[in-house]
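Chain letters run A, B, ... following the sequence lines, proteins first and then strands; every chain starts at 1.
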There are 4 protein chains.
Amino acid sequence: MVNIAVLGCGRIGVMHARNIANHPRARLATVFDIHQPSADKIAAELGVKTSKSIEEVLASPDVDAILIATSTNTHADILEMAVAAGKPILCEKPIDLSLDRVNACYAKVRDKNVPIMLGFVRRFDPGHRATRDAVRRGDIGDLHQVMITSRDPGMAPAAYLKVSGGIFRDMTIHDFDMARFMLGEEVAQVYATGSRLVDPALMNELQDYDTVCVTLTTASGKQCVINNSRQAAYGYDQRVEALGTLGMASSQNRKNHEATLSTRTFTERSEPYLNFFIERYTEAFAAEVSEFVDAIENKREPEVGFADGRLALMLAEAALKSVQTGRVVNMSEMG
Amino acid sequence: MVNIAVLGCGRIGVMHARNIANHPRARLATVFDIHQPSADKIAAELGVKTSKSIEEVLASPDVDAILIATSTNTHADILEMAVAAGKPILCEKPIDLSLDRVNACYAKVRDKNVPIMLGFVRRFDPGHRATRDAVRRGDIGDLHQVMITSRDPGMAPAAYLKVSGGIFRDMTIHDFDMARFMLGEEVAQVYATGSRLVDPALMNELQDYDTVCVTLTTASGKQCVINNSRQAAYGYDQRVEALGTLGMASSQNRKNHEATLSTRTFTERSEPYLNFFIERYTEAFAAEVSEFVDAIENKREPEVGFADGRLALMLAEAALKSVQTGRVVNMSEMG
Amino acid sequence: MVNIAVLGCGRIGVMHARNIANHPRARLATVFDIHQPSADKIAAELGVKTSKSIEEVLASPDVDAILIATSTNTHADILEMAVAAGKPILCEKPIDLSLDRVNACYAKVRDKNVPIMLGFVRRFDPGHRATRDAVRRGDIGDLHQVMITSRDPGMAPAAYLKVSGGIFRDMTIHDFDMARFMLGEEVAQVYATGSRLVDPALMNELQDYDTVCVTLTTASGKQCVINNSRQAAYGYDQRVEALGTLGMASSQNRKNHEATLSTRTFTERSEPYLNFFIERYTEAFAAEVSEFVDAIENKREPEVGFADGRLALMLAEAALKSVQTGRVVNMSEMG
Amino acid sequence: MVNIAVLGCGRIGVMHARNIANHPRARLATVFDIHQPSADKIAAELGVKTSKSIEEVLASPDVDAILIATSTNTHADILEMAVAAGKPILCEKPIDLSLDRVNACYAKVRDKNVPIMLGFVRRFDPGHRATRDAVRRGDIGDLHQVMITSRDPGMAPAAYLKVSGGIFRDMTIHDFDMARFMLGEEVAQVYATGSRLVDPALMNELQDYDTVCVTLTTASGKQCVINNSRQAAYGYDQRVEALGTLGMASSQNRKNHEATLSTRTFTERSEPYLNFFIERYTEAFAAEVSEFVDAIENKREPEVGFADGRLALMLAEAALKSVQTGRVVNMSEMG
C-alpha cells in the first residue's frame, strides 16, 4: 500500500485524489490546498485529513509519495522540496514555463535517486498505448510517419490563457510528448506555423496562437506532424496515426456511447465526442496513478520522467522560435 | 463472344442491355419490347437492332442466349419457348407468382440441357459474396445463425403492388434466396409475422403486409431471421450477418461516398445509403451477366438456376401460409 | 445520503457494493453473505462492517434500503422479508425461476408502498438508453421493428447452467425486458426457435438450448426479433436497433479503445469487444444504483419494478412453451 | 453530342476512351498513339477508327475536342497545336515538368478563347467534392485547417520514377491542387520536409524523396498539411479533412465492399482499400469527362484550367526548394 498526498485540490487534483482513493494498492494520505476550503471539501468526501502546509505533508511519516497538482509556477519549487525530503513525485505538466528554471531544477533533482514521474497522461490512454505497442511490436514494420490531431473543444478562459505560457507550452506540449512516445527517436528539426483564427483579438493581445501545425523530423528522417486548434466545435479531438513499411496503426476518437441515428437526410449520425480531457482520459488518469504506484512498489523509475518533461518543453520552445522567426529550428540550437 | 438478346426494355431490361453491351465477352444481339418505342430508344442508344417478336428473336441465328426482363406473368411462357429453341436463359425473378405454374414449367424445362439462370442478383454483390465465401471457407467455423436485413427506401406504387404477388413473393423472395445462399442447407420450418404499419389502408385493401419478420430453421437447427420493411426512410437497407463457432462475418450498407460531417451537436454524420437497387447492386448486376456469359462459354450450369427460383417461391408460399394461419409451417407440407 | 446493505457478496454483489461505496449520495451500510469470508473480504476492502444474518440487516436502523444479490432461489423470500420490514429493494433478476412463486410473491409485496426495483441493468446503458430516448422523442417517427442481438462470449459452466432455469429465463430475460423497454407496448404473441449447436451434448442433457431466435408481436403489429447465442467467439455482442417511419436508431457494440490496424491483407481491424457484462455494462450498473438512490430520495417508484420482472419471466415462459410445442403462443394463454 | 479524340492509348488514355464512349452526350471520334498497335487495340474494342498523326486528328472536322493522355514531355506542344486548331482540350496533369516551359506555353494559349481543362481528377471524387461543398456551403463555418493524406500503395517502377520529375511534381501535385480546391484562397508560404525511407538507395540515386510532409499557409493564416508516402502497404490512402469554426468535414477511404470479419482475436476487420487510382477514382474520371463535355456544350470555361495546373506546379517547385534549402519558401519568390 502506497500512501500518497495530493497537493492542489483544483479540478485535476480532486480527480487524482479520487483515483488514488479508489486504487487497490494506494491510499490517499492527505490533501493540501493553499485555499483551505478546497482541501476541506475533497477531504470530507473521501474521508481523509487535510494538511496545513507542504512542509507538513513532506514531514509526515504517513506520506510515502506526493502528487503535485498545484499551479504551474509552484511545480519546480515543490519538486525540489519533495526530492530533498526523499518522497517520490507524480508532477502534473509542465514542470515550469521557463526552460531555465526547468534546467536549474533538473540540476538539483537528478541523480538524487528519487523517482519523479511527469503527468503526460495521454501515454496511458488505452488506444494511444495500443498504437504505440503496435509500433514497438513491429506490426507496422519500420516507422515512417506519425500524425497527431489534438484539438480542444473550445477556447480556455482568457484569464487562464494569459498565464498558460502560450499554446506550445500549454497545449502542444502533450503532443510533443506523444510524438516522442511514438517516434522512439529524438527530434532533430522543428517547423511550426501559428495562426490567429479562433479569437484573433485575444491572440493578438497575448501574442499567442490558437491554430498551429508543427512538423518534427528526426535524424533518420522520420516525420511527425501535429495539428492543434483551440476550438473544435464537435468536441475534444484526439487522434494518433502511425505509418510504417508494413501498415498503419491508429487511435481514433471515443464517444459516450455507440448510439447512432439515420433518417431521410443522413445516416449513422453519432453524438459529440467525449469532452473534455477528464472524460476522454478517465482511464488514462487512473492508469497513470497505477504506473506511479507500481514504480514506487518496485523501486524503479516511472515510465515517463523529468527528462521527458524537459524535452517536451524544449520542443515547445523550438516551435515558438520557429513561428517567431519563420524558419526551421534545429534542436541543436536549443542547448 | 456470346450474343445475347434482351426481352423487355423497362428499367431493368435497359440496365441489363447496357451491361451486356459493356461486357468484354458479350454482345447485345437485339432488343424486344411489346411497347416498340421502349425498344427503339435503348436500341438507338446502344446501336443495335430491335426485333418484332419473341419468335423472331428465338429464331435468329445471331442470338446465342436470351435475357428475360418482361413482365412477370410472361416469364414462364418465354422460358418454355426459349428452352424449346435451345437458347440459354437469364430470367429475372420470379419465374411466376403461382407455384403450380412454376411446377408445370419446371416439368417442361428441366432435363432439356438448356442452361437457365435466375436473376437473384444479390448473390453477386461483392460484400454479400465475400461474407458467403468467409462462411464457406470456414472463417467463422460452423454456421449457427444468419440475420438478413432488407428494407426498401419507400413503398412501391399501388399499381405495382397490386400485381406484385404480395411482399413474400415480390420482396422477401430475394432474402429467401440469400438465406439459402448463406445457410448451405435447406430450410425445414418457416414462421412469419406480417404487419400493416407503413400504409395500413392500402395493405388492408390488398390483403398484403408491409412489415414482416420471417424465421427459418434447418433440420440441423441452423437459424435465419429475415426482417423486411417496405419503407426505410434513411435509404435502401441491405445487410447480411453470419454467426459461427469461430466468429461473425457481415456485409454492411454502402454509401455514395465516405464524406462525413461533425458539428457542435453530432459527429461523423454520413449521407443516405445507395438508393435503390439499381445503384446499390450496380456491380452485382454486372457480375450476374458475367456469370451467365461464363456459364455459356464453359457449357456449364449457371450458379443459380430454375430450382433455386422454385425453392425461393416455395419459401414465400410457406411464409404467407404462416402469416395467414398464425402457425409454423413445415416445408414438407409445401409438396 | 441513502444507507444501503448488500446481501450476497459474489461477483455481482461485490461490484454493486463498490458502486454504492463510490456513489456520492449513497453509503454502503453493511454487507452479508451466507459464506462469511466472502462478506469479510469486500467489507475489509471498503471499510464497512458485515452482518450475521438477513434478519440483522433488516432490523438495523442504519439500513435504509437493501440490494439483493444472493442466489436466485432466495430472491422471493428476501423480497417478502424486506417489504415486511419496509426497506426499499433493488433485486437482481430474476425474481424467481417459477412463475407461480413470482405470482405468490407479487400478491404479498404489491400495494405495500415499498419501492421495489428490478436489476434490468441494460436499461441504464447509455447507448441503449439513447436509442430508447430517440424512439420516445419521435426521432424515428412511429416505431415498427426492434432488433435485439445479444450473445454471450462463451458458454457458462455446466454447474451454473444446470440451475439457471434455461436460456430463456436466464439470458433472454434481459432481452425480453429490453424489448418491452423499446416497444412501449405489451407483447401479444411469442414465437421461439431453439437449437443445440454450441454444446449439443450438454444441451441435450439439460434439455436446454444454446442458440435461440424469438419473435415478439404486439397487438398493433409492432415486431421485435431477439437473437441469442451462448457463444460469440469475438466477444460479448450487445446491440439494439429500432426502425420507425422516419428512420432508424441503433446502439452498437463498444470496445476497450478505438485503436485499429491496417496492413497488406486487411484494414481497420479492431480489438475484441468489451467482455463480459461487468465490463460492458460498467456505466449501466453505476447508473442503476443511481436510479435506485434517486427513487428513494424522491419517494417515487423506481423506473423498473416488480411488474417488469414478472412480465419478462412470463415472456420467457411463453418462449419456452413455443419451442416445446413448436407453435406460436398468445400471451393471453399465460394467465 | 461532343466528338472527342483521345491522344495517347496507354492505361490512362484507354480508360478515358472507354469513359467517353460510355458518356451519353459524348462520342469517341478517334484515337491516336505513336505506338500504332496500342491505338488499334482500343479502337477495335470500342469500334472507332484510329488516326495516323496528331495533325490528322486536329484537322478532322469530326473532332470537336481532344483529350491529351500522351507522355508528359509532349503535353505542352500538343496543347499549343490544339489551341491553334481551336479545339477544346482536356489535358492530363502535369502540363510539363519545367515551370519555364509551362509559362511559355501559357503565354501562347491564354486569351485564345479555347477551353483548356486540366486532369486534376480528385476534384471530381464524390467524397472529396462533398467535403469541398460542405466547406463552401458554410457547414463548418470559416475554414481554418485542411489535412490531406495521400499515399500510394507501393513504389512506382524505377524507370517511371526517373522521368517523373520527382515526388512533388509527380505525386504531391494532385494534393497541391486539392489544397487549393479546399482552401479557396492562394497559398503564401510553403514548408516541406522530404525523407528517403521506403527505398533509400533509389531515392539517393535519383535525388528524390519517397516520404514527404508539406505545410501550406495562406495570407489569412489558413493552414494545410499534406502527407505523402510512396508506400502504404494497406492500399491507396486518400483522405481529406477540413476544420472550421463550426465543425469538421472529411472524406475517408473507400473499400471494394463493406464486408467485415470478427473472430476471437479481432473485430470488424475490413479488406484493403480500393487500389489504385483507376479503381479509387473510377467515378471521378467519369465525372471529369462529364465536366469537360458540359463546359464545351455550354461554351464556358471548365472548372479546373491551365492556370490551376500552373499554380500546382509552382507549389511543387516551392516545396522542392524548401526541402533543398531547409527553409520556408514564400510564394512571392516563385515569380
Exercise for review: Would you mind checking which part of C:S220 comes under 4.5 Å of any heavy atom in chain B, side chain (CB onward), backbone (N, CA, C, O), both or neither?
Suggested key: backbone

Practice item. Please flag which part of C:D210 lies under 4.5 Å from any non-hydrogen atom of chain B: side chain, backbone, both or neither. Key: neither

Review point. Above 12 or not: heavy atoms from other molecules or residues under 6.0 Å from CZ of C:R264?
Key: no

Review point. Can you list the steps and then say if C:T211 with B:Q223 is a side chain to side chain contact (heavy atoms under 4.5 Å, CB included)?
Key: CA-CA 8 Å; C:T211 307; B:Q223 301 166 348; 3.4 Å; yes

Check your understanding: What heavy-atom pair brings B:C213 and C:V225 nearest, and what distance separates the two atoms?
Key -> SG-CG2, 3.6 Å

Exercise for review: Considering non-hydrogen atoms only, spot the tightest contact between B:A233 and C:G247 and give its length.
Suggested key: CB-N, 3.8 Å

Check your understanding: When only heavy atoms count and the cut-off is under 4.5 Å, which of residues 191-209 of chain C reach chain B?
Key -> C:Y191, C:T193, C:G194, C:S195, C:L197, C:V198

Exercise for review: Identify which part of B:N330 has an atom lying under 4.5 Å from any heavy atom of chain C, answering side chain, backbone, both or neither.
Suggested key: neither

Review point. Just wondering, do B:M248 and C:D237 contact through their side chains at under 4.5 Å, heavy atoms?
Key: yes

Review point. Looking at C:K222, C:Q189, C:E241, which one has more heavy-atom pairs under 4.5 Å with chain B than the rest?
Key: C:E241

Check your understanding: Which of residues 133-157 of chain C have a heavy atom under 4.5 Å from any heavy atom of chain B?
Key -> C:H144, C:Q145, C:M147, C:R151

Revision key, fill the gap. So, the part of C:T245 with a heavy atom under 4.5 Å from chain B: the answer is both

